[in-house]
Amino acid sequence: MDFNSTVLVTGGSGFIGSHLVCSLLDYCCSPRSLESVEDRANYTFIRGDVCNSQLRRHSKPRLVSSAPHQSQRFVYVSTDEVYGEGLDQVFDESSPVRPSNPYSTTKAAAEYLVRSYWDKYKFPIIITRSNNIYGPRQYTEKVIPKFLTLLQMNKKCTIQGTRQSRHFLFVDDAINALRLVLEKGIVGEIYNVGTSCEILIMQLAKELVKMVKNVPDSEVNDWLEFVPDRPCVDLRYPISCEKLQQLGWREDVSWTEGIRQTVKWYQDNADFWSDQEPIRSKLEKVTNK
């Protein structure tokens with residue numbers, strides 16, 4: 001990819017955004033996520049609301065509603081949840097969109113908005129739909145950092161139901177996928193970013209208990225607490241990513257290595273989210289996303 005051009009990353013101080021920024025700068029939502037690159041000459045952080053028209057006019061390259069003809073690629077990051085629940089079915093990019101909750105419905109609606117610019121103006125959009133992404137610096141409302149933080153506080157992992165499973169993709173592999181579609185993706189297309197690593201949420205909690213608390217199997221269940229389930233929870237979101245693999249993408253980081261790196265980072269950076277005090281009081285109420 002030609003990095004003499006300008007890349008605008010919205011949400012750049014967030015989990016995925018900050019990893020993408022660091023990757024684009026060839027350097028291995030908290031501003032601390034970008035401390036390692038804040039002094040780089042080819043990086044600028046613009047704090048503001050992407051809905052602010054003055055901000056859009058100030059930012060380069062401009063966003064969709066400002067000057068669509070100036071951009072070479074506009075990648076919209078969506079979610080596997082737009083397909084709805086898949087029990088015996090694996091979704092590919094041609095599968096119908098059937099969102100079943102407010103979050104996935106808004107993501108699907110945004111997809112339609114983005115696609116309208118392709119259909120009407122041939123604005124060069126690409127849409128990605130990924131499985132659950134995990135790794136260092138993820139906000140503690142998500143299930144893996146949530147469980148890790150609870151265990152560090154000597155609290156039990158709170159589990160909603162016993163049947164839900166999720167596919168977990170390490171953040172480095174997700175970033176490689178985004179960089180690939182930026183470089184080689186076909187405009188107007190959708191690409192699933194999937195993983196073969198599927199794990200029950202209950203099993204995930206047990207693995208993390210063993211890693212963090214180092215307890216024998218006979219004591220693992222002592223660190224689990226089952227709480228009332230939400231209504232209408234989708235059990236799983238299996239997707240096929242053959243289309244992305246045809247561009248040359250492969251999942252490189254195994255679950256064993258990815259979760260090892262993630263656990264170590266949270267152990268070494270226990271105070272990273274300490275300025276977000278309301279988080280800890282809400283941890284036990286957060287869903288298994």
Side-chain angles (χ1 to χ4, degrees), residues 13-19 22 28-30 32-33 35-36 130-175 195-230 233 235-237 251-289:
S13 64
F15 168 50
I16 300 173
S18 65
H19 279 274
C22 292
C28 184
C29 154
S30 166
R32 294 179 61 187
S33 300
E35 286 176 349
S36 62
S130 69
N131 284 145
N132 279 33
I133 299 171
Y134 75 100
R137 302 201 303 267
Q138 189 172 29
Y139 192 58
T140 53
E141 71 173 1
K142 302 302 183 182
V143 65
I144 291 178
K146 170 195 168 184
F147 285 168
L148 291 175
T149 304
L150 284 170
L151 292 170
Q152 288 172 342
M153 297 165 58
N154 287 320
K155 293 182 179 294
K156 298 180 180 182
C157 296
T158 54
I159 301 172
Q160 296 176 320
T162 60
R163 299 171 58 204
Q164 294 97 326
S165 66
R166 292 295 181 264
H167 292 75
F168 289 100
L169 179 68
F170 191 62
V171 64
D172 288 358
D173 286 327
I175 296 307
T195 172
S196 59
C197 175
E198 181 178 12
I199 184 170
L200 287 167
I201 298 301
M202 182 172 61
Q203 182 61 35
L204 168 66
K206 291 181 177 181
E207 285 194 28
L208 296 179
V209 168
K210 291 180 182 179
M211 296 178 73
V212 175
K213 292 302 182 181
N214 194 28
V215 297
D217 291 347
S218 60
E219 297 180 15
V220 167
N221 288 341
D222 295 339
W223 290 93
L224 307 181
E225 179 181 357
F226 293 93
V227 297
D229 202 355
R230 291 178 298 159
V233 176
L235 296 183
R236 58 194 298 263
Y237 304 107
E251 183 181 3
D252 292 327
V253 182
S254 68
W255 167 254
T256 300
E257 176 59 21
I259 198 63
R260 184 196 67 79
Q261 290 185 33
T262 302
V263 170
K264 184 178 186 305
W265 186 90
Y266 280 93
Q267 290 174 331
D268 294 343
N269 298 272
D271 64 340
F272 188 80
W273 294 106
S274 60
D275 59 337
Q276 304 288 334
E277 188 58 33
I279 296 173
R280 291 179 175 259
S281 63
K282 295 180 180 179
L283 273 176
E284 296 182 1
K285 301 178 182 179
V286 178
T287 61
N288 293 331
K289 166 56 181 159

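Computed from heavy atoms alone, side chains included, the values below leave out hydrogens, waters and symmetry copies. Along the sequence shown, residues carry numbers from 1.
- For the atom pair CG (Leu200) and CZ (Arg236), the distance works out to 10.0 Å, reported to the nearest 0.5 Å.
- Atom CD in Glu198 sits 12.5 Å away from atom CG in Leu204 (nearest 0.5 Å).
- Between Phe272 and Arg137, some side-chain heavy-atom pair lies under the 4.5 Å cut-off.
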Under 3.5 Å, side-chain donor or acceptor atoms of residues 253-260 against the rest of the protein: list the pairs with distances, not counting sequence neighbours.
unit_1, atom_1, unit_2, atom_2, d
Ser254, OG, Glu257, N, 3.2
Trp255, NE1, Glu207, OE1, 3.0
Glu257, OE1, Arg260, NE, 3.1
Glu257, OE2, Arg260, NH2, 2.8
Glu257, OE2, Gln261, NE2, 2.8

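- Taken from CG in Leu208 to CD in Gln203, the straight-line distance is 10.0 Å, to the nearest 0.5 Å.
- If you take CD1 on Ile201 and CG on Asn132, they are separated by 7.5 Å, rounding to the nearest 0.5 Å.
- Under the rule for a side-chain hydrogen bond (donor to acceptor under 3.5 Å, both in side chains), Asn214 has no partner lying at least two apart in sequence or in another chain.
- Thr140 and Thr149 get closest at one heavy-atom pair: CG2-OG1, 3.4 Å.
- Interatomic distance, NZ of Lys146 versus OG1 of Thr158, reported as 3.0 Å (0.5 Å rounding).
- Residues forming a salt bridge (charged side-chain N to carboxylate O under 4.0 Å, His left out) with Lys213 (at least two apart in sequence, or on another chain): none.
- For Pro216, the side chain to side chain contact (heavy atoms under 4.5 Å, CB included) partners are Ser218, Glu219, not counting sequence neighbours.
- For the pair Asn154 and Trp223, the minimum side-chain heavy-atom distance is below 4.5 Å.
- Of all heavy-atom pairs spanning Arg166 and Leu235, the tightest one is NH1-O, 3.0 Å.
- Residues Gly135 and Thr262 come closest through the heavy atom pair CA-OG1, 3.4 Å.
- Taking both residues in full, the closest heavy atoms of Val171 and Pro136 are given as CG1-CD, 4.4 Å, listed atom of the first, atom of the second, then distance.
- We find that Asp217 and Lys210 are joined by a salt bridge, their nearest charged nitrogen and carboxylate oxygen being less than 4.0 Å apart.
- The two residues Ile159 and Leu224 come nearest to each other via the heavy atoms CD1-CD2, 4.0 Å.
- Summarising the geometry, atom CG belonging to Asn221 is positioned 5.0 Å from atom NZ belonging to Lys206; distances are rounded to the nearest 0.5 Å.
- Listed by chain and residue number, nothing satisfies the salt bridge (charged side-chain N to carboxylate O under 4.0 Å, His left out) test with Arg163 (two or more places apart in sequence, or in another chain).
- Under the side chain to side chain contact (heavy atoms under 4.5 Å, CB included) criterion, Thr195 pairs with Asn131, His167, Leu169, Cys197, Glu251, not counting sequence neighbours.
- The minimum heavy-atom distance linking His19 with Asp172 is given by the pair ND1-OD1, 4.5 Å.
- Of the possible donor and acceptor atoms, one in the side chain of Tyr266 sits under 3.5 Å from a partner among the backbone N and O of Gln138.
- Within the 4.5 Å cutoff, side-chain heavy atoms of Phe168 are placed close to those of Val143.
- In this structure, the side chains of Phe147 and Val212 stay at 4.5 Å or more apart for every pair of heavy atoms.
- Not a single donor-acceptor pair under 3.5 Å links the side chain of Glu225 to the backbone N or O of Lys155.
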